[in-house]
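Here's the structure we're looking at; comments come further down.
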Amino acid sequence: RERLNRGDSLLTKDLTELLPGSGPPDEDTLEELETRLLMADVGVSATQQIMDGLRERLNRKALANRDQLLQGLRQEVHAILDPVESALEPRQPGDGPFVILVVGVNGSGKTTTIGKLARRFRDQGKSVMLAAGDTFRAAAVEQLQVWGERNDVPVIAHATGADSAAVAHDAVQSALSRDIDVLLIDTAGRLHTQAGLMDELKKVRRVIQRVMPSAPHETLLVLDGSTGQNAIAQAREFHSAVELSGLAVTKLDGSAKGGVLLAVARELKIPVRFIGIGEAAEDLDVFRAEDFTRALLE
Ligand code: GDP
């Protein structure tokens, strides 16, 4: 968790020096804080909510000193993050695998996150299978296969250029017959056009449902947290195409951009399942509002 803000937290860097030790914050201090929130990618509406909350406290004289301001800030940030804390429990009531359809643009960290998740579920004693559904990109199939071999996890793959819905179809069938606990299905992150990509994802989803009507049990979007407000626009587009049930926000290590999680929480209201905090297999944490608030503000 210390790795979350290996850089300085933009929110609180020198904040304690900025704030008056005693007495309520003046207008300049509040404006400086607001600017910092916006610079840290917190986004307009989350920033507004935080500042409104602080001003309301100021009005009722509950912001009498630096400690109370920091405390107020902490509570406002937590109030935004708490509603999207909802851990993913890969268990489904009937027989058959818990199917996770993983979507996201190229470079977001999709393949890495699938590898990390496979490792996590396997370490929990579950049997895991991967489906190399990004048939558009040869390297994506190879990357997943290498990962599978190294970790002894079966990978369903067709040749590059094959129909990605067919890969998903075979994978669900195979997972059903092999009594697999968790099936992670990779998908393309780029096609000739964005509309083409969304259509393909919808088709993959339909085909999965045909083989197993209750699936996918989770449609997880992998978002690059270092892309700031761009991530929000991307998430909206995926959400309208395939109805997301969870997010994994990556690359929250080493940058001061953790504030993007506040924008994500406030504007998307989709459960944040995991956060990526590095490139290694273990660098994936379950998202916890309280831990994240602390990491952002300390
Ligand atoms: P894909 O194209 O979406 O499948 O993306 P990849 O999984 O290939 O990841 C793209 C790059 O981002 C790779 O260099 C990964 O090592 C890196 N990456 C993925 N997740 C994280 C993360 O949480 N933190 C950092 N620092 N790098 C990450």
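Small disclaimer: the values here were computed from a predicted structure and weren't measured. Counting convention: from 1, in listed order, for ligands and their atoms alike.
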Between [X] and ligand 1, is there a nitrogen or oxygen pair with a distance under 3.5 Å?
X: Gly278; value: yes
X: Lys251; value: yes
X: Thr113; value: no
X: Thr112; value: yes
X: Thr250; value: no

> Among Gln71, Gln75, Gln68, which residue meets the side-chain hydrogen bond (donor to acceptor under 3.5 Å, both in side chains) test with Arg57?
Replying inline: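 Only one of Gln71, Gln75, Gln68 forms a side-chain hydrogen bond (donor to acceptor under 3.5 Å, both in side chains) with Arg57, namely Gln75.
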> Which residue pairs satisfy the side-chain hydrogen bond (donor to acceptor under 3.5 Å, both in side chains) criterion with at least one member in residues 196-205, sequence neighbours excluded?
Replying inline: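 Every side-chain hydrogen bond (donor to acceptor under 3.5 Å, both in side chains) pair that includes a residue of residues 196-205, provided the two are not neighbours, is Asp163-Lys203, Ser164-Glu200, Arg205-Thr219.
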>> Give me the atom names and distance for the closest heavy-atom approach of Leu244 to His239.
In response: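 Heavy atoms of Leu244 and His239 come nearest at N-ND1, 2.9 Å.
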> What closest approach, in Å, do Ala188 and Leu201 show between heavy atoms, and which atom pair accounts for it?
Replying inline: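 Nearest heavy atoms, Ala188 then Leu201: O-CD2, 4.4 Å.
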Ligand 1 atoms in contact with [X] (distance to a heavy atom under 4.0 Å):
X: Gly109; value: 1 (P), 3 (O), 5 (O), 6 (P), 7 (O), 9 (O), 19 (C)
X: Gly276; value: 23 (O)
X: Arg137; value: 2 (O), 4 (O)
X: Lys116; value: 23 (O)
X: Lys110; value: 1 (P), 3 (O), 4 (O), 5 (O), 7 (O)
X: Ile277; value: 23 (O)

Taking only non-hydrogen atoms of [X], do any sit less than 4.0 angstrom from ligand 1?
X: Asp253; value: yes
X: Gly107; value: yes
X: Arg190; value: no

>> Can you pull out every salt bridge (charged side-chain N to carboxylate O under 4.0 Å, His left out) where at least one residue sits in residues 131-144? Sequence neighbours excluded, please.
In response: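 Listed by first then second residue: Asp134-Arg137.
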Does [X] use its side chain to pair, donor to acceptor, with the backbone of [Y] at less than 3.5 Å?
X: Arg273; Y: Ser86; result: yes
X: Thr113; Y: Gly109; result: yes
X: Thr135; Y: Ala162; result: yes
X: Asp82; Y: His78; result: no

> For ligand 1, does Val105 get within less than 4.0 Å through its side chain, its backbone, both, or neither, judged by non-hydrogen atoms?
Replying inline: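 Backbone only.
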> At under 4.0 Å between heavy atoms, which part of Asp134 makes contact with ligand 1: side chain, backbone, both or neither?
Replying inline: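 Under 4.0 Å from ligand 1, Asp134 contributes no heavy atoms.
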> Is any NZ, NE, NH1 or NH2 atom of the basic residue among Arg55 and Glu27 found under 4.0 Å from an Asp or Glu carboxylate oxygen of the other?
Replying inline: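 Looking at Arg55 and Glu27, the cut-off is met.
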